[in-house]
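Labels below follow one simple rule: chain letters A, B, ... track the order of the sequence lines, proteins then strands, and each chain is numbered from 1. Not measured: the values here are computed from a predicted model.
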2 protein chains.
Amino acid sequence: MRTSSNAPASPQPAQAAREIITRHGGRVTRTRVAVVEALQGSTQPLSHEELGAALAAIDIPHDRVTLYRALDWLVEQGIARRIAGSDRAWRFEMVRPHSHRHAHFHCDRCGQVICLEGLQPSSRVNLPDGFHLDRAELVLHGACATCGIQGLTPETTDED
Amino acid sequence: MRTSSNAPASPQPAQAAREIITRHGGRVTRTRVAVVEALQGSTQPLSHEELGAALAAIDIPHDRVTLYRALDWLVEQGIARRIAGSDRAWRFEMVRPHSHRHAHFHCDRCGQVICLEGLQPSSRVNLPDGFHLDRAELVLHGACATCGIQGLTPETTDED
DNA sequence: ACGCTAATGCTACAATGTTGCAATACCAAT
DNA sequence: ATTGGTATTGCAACATTGTAGCATTAGCGT
């Protein structure tokens, strides 16, 4: 609801999205193209709600289920990545080569998730036996600049 | 549903829980005592479902709402901490002095969350202007020993 | 242009979490 | 120990997020 990258009427950039979809053996549909474009146009993970708004903005009649399934497919194909927000809503981001490992900032006020490129979790960890590690993610909790209020989370009393 | 620390019939240990609750100016109720005990008795974050099972096991008639509110209060008081699981269910753990910063392993199969003491996220991060950091959490994604299957998440193709 | 089938778009449903309010039980004062 | 005020509970109803089934639509190869 803050992303202003809703490709207004640009049929050309859509090619990149179409190609990605085709390369993965999927059918190029309005929904998928629009979702990929929205994801590509945003530097931050987007929720279903935000994606839905993006689709509505470019006049694509869709319902929640279709969006869910388009996203599911993208995740399945390794095109997008799903991350859990501070609220219990999924957010999605493109899997970009240079962003394999980066941190996410979760605003505990508005629930927004923000990518922090350049931050890498320390990857040297030893898991218990039988555990398989897929990826590590550094999650920072706090308040984003917009919410900016402090002292609302009494459960964290250490400031180190 | 896997925690076997359901204080069967031990009225004594309950004292510790009662004291914690009293110290925070709350009324000592069956539900709160049982929840605190369950949380204290577990080394891993527990979901509402698991907590509910624990309460049922010691014959405390409760409903979901009561449990939710007891948990809310504990989090408000800084007694417990709420963390978002890989599924969209909250998990809770006691806020222990020596566990302020530790990693969480999320099994993407069963959704279970496991604490990994001894692991600390690198805390030196520089956030954008206006951002306020409450706490950092290192989240590891993968499969736990029980699920143990690999290759189910095509979105992660790097194994470094 | 045609046909096969993936993908959509309904509707209905499941799981998780929240709100309002009357009844209950905790705790303190008598 | 009884009583009373009020924090908590417990119920019912609702909100949000995500899923399942299935008939219809639309991609894409022929």
Open item on the list: Please give me the minimum heavy-atom distance between L46(B) and A38(B), naming the atom from each residue.
Closed with: CD1-O, 3.7 Å
TODO: Tell me whether the OP1 or OP2 atom of dC26(C) has a side-chain N or O from T29(B) closer than 4.0 Å.
DONE: no
- [ ] May I ask you to verify whether the side chain of R64(A) and the base of dG18(D) hold a donor-acceptor pair under 3.5 Å?
- [x] yes
Task: R27(B) side-chain proximity, nearest of dC28(D), dG5(D), dG10(D) - done: dG5(D)
- [ ] Compare every heavy atom of P45(B) with every heavy atom of C115(B), then report the nearest pair and how far apart it is.
- [x] SG-CD, 3.4 Å
Open item on the list: Whole angstroms only, please: what is the CD1-P distance between I21(A) and dA6(C)?
Closed with: 17 Å
Open item on the list: Of the options dA20(D), dT8(C), dT16(C), whose atoms approach the side-chain atoms of R88(A) most closely?
Closed with: dT16(C)
TODO: Would you indicate, yes or no, if dT16(C) has its OP1 or OP2 atom less than 4.0 angstrom from a side-chain nitrogen or oxygen of R91(B)?
DONE: no
TODO: From the options dT8(C), dG18(D), dT9(D), select the nucleotide whose nearest atom is closest to the side chain of R32(A).
DONE: dT8(C)
TODO: Establish, from distance only, whether the side-chain atoms of S47(A) and E50(A) form a donor-acceptor pair under 3.5 Å.
DONE: yes
Task: Short side-chain N/O contact to dG17(C) OP1/OP2 from W90(B), under 4.0 Å - done: yes
Open item on the list: Treating R64(B) as the side-chain partner and G52(B) as the backbone partner, does any N or O pair qualify as donor plus acceptor under 3.5 Å?
Closed with: no
Task: Given DNA chain D, 5'-ward residue of the pair Y68(A) and D63(B), judged by closest heavy atom - done: D63(B)
Open item on the list: Of the options dC22(D), dG10(D), dT18(C), whose atoms approach the side-chain atoms of R30(B) most closely?
Closed with: dG10(D)
TODO: Answer with base, sugar-phosphate or nothing: what part of the nucleic acid does V65(A) contact at a heavy-atom distance below 4.0 Å?
DONE: base
Task: Polar contact flag, side-chain donor to acceptor under 3.5 angstrom, H106(B)-D108(B) - done: no
- [ ] Name the residue closer to the 5' end of DNA chain C, choosing between G25(A) and D87(B) according to the nucleotide with the nearest heavy atom.
- [x] G25(A)
- [ ] May I ask you to evaluate whether T31(A) reaches the phosphate of dT8(C), defined as a side-chain N or O under 4.0 Å from OP1 or OP2?
- [x] yes
Task: Selection from dT8(C), dG18(D), dT9(D) that lies nearest to any side-chain heavy atom of R69(A) - done: dT8(C)
Open item on the list: The side chain of A89(B) is closest to which nucleotide in this list: dG17(C), dT8(C), dG18(D)?
Closed with: dG17(C)
Open item on the list: Heavy atoms from C-beta onward define the side chain here; which of dC21(C), dT19(D), dG18(D) lies closest to that of H48(A)?
Closed with: dG18(D)
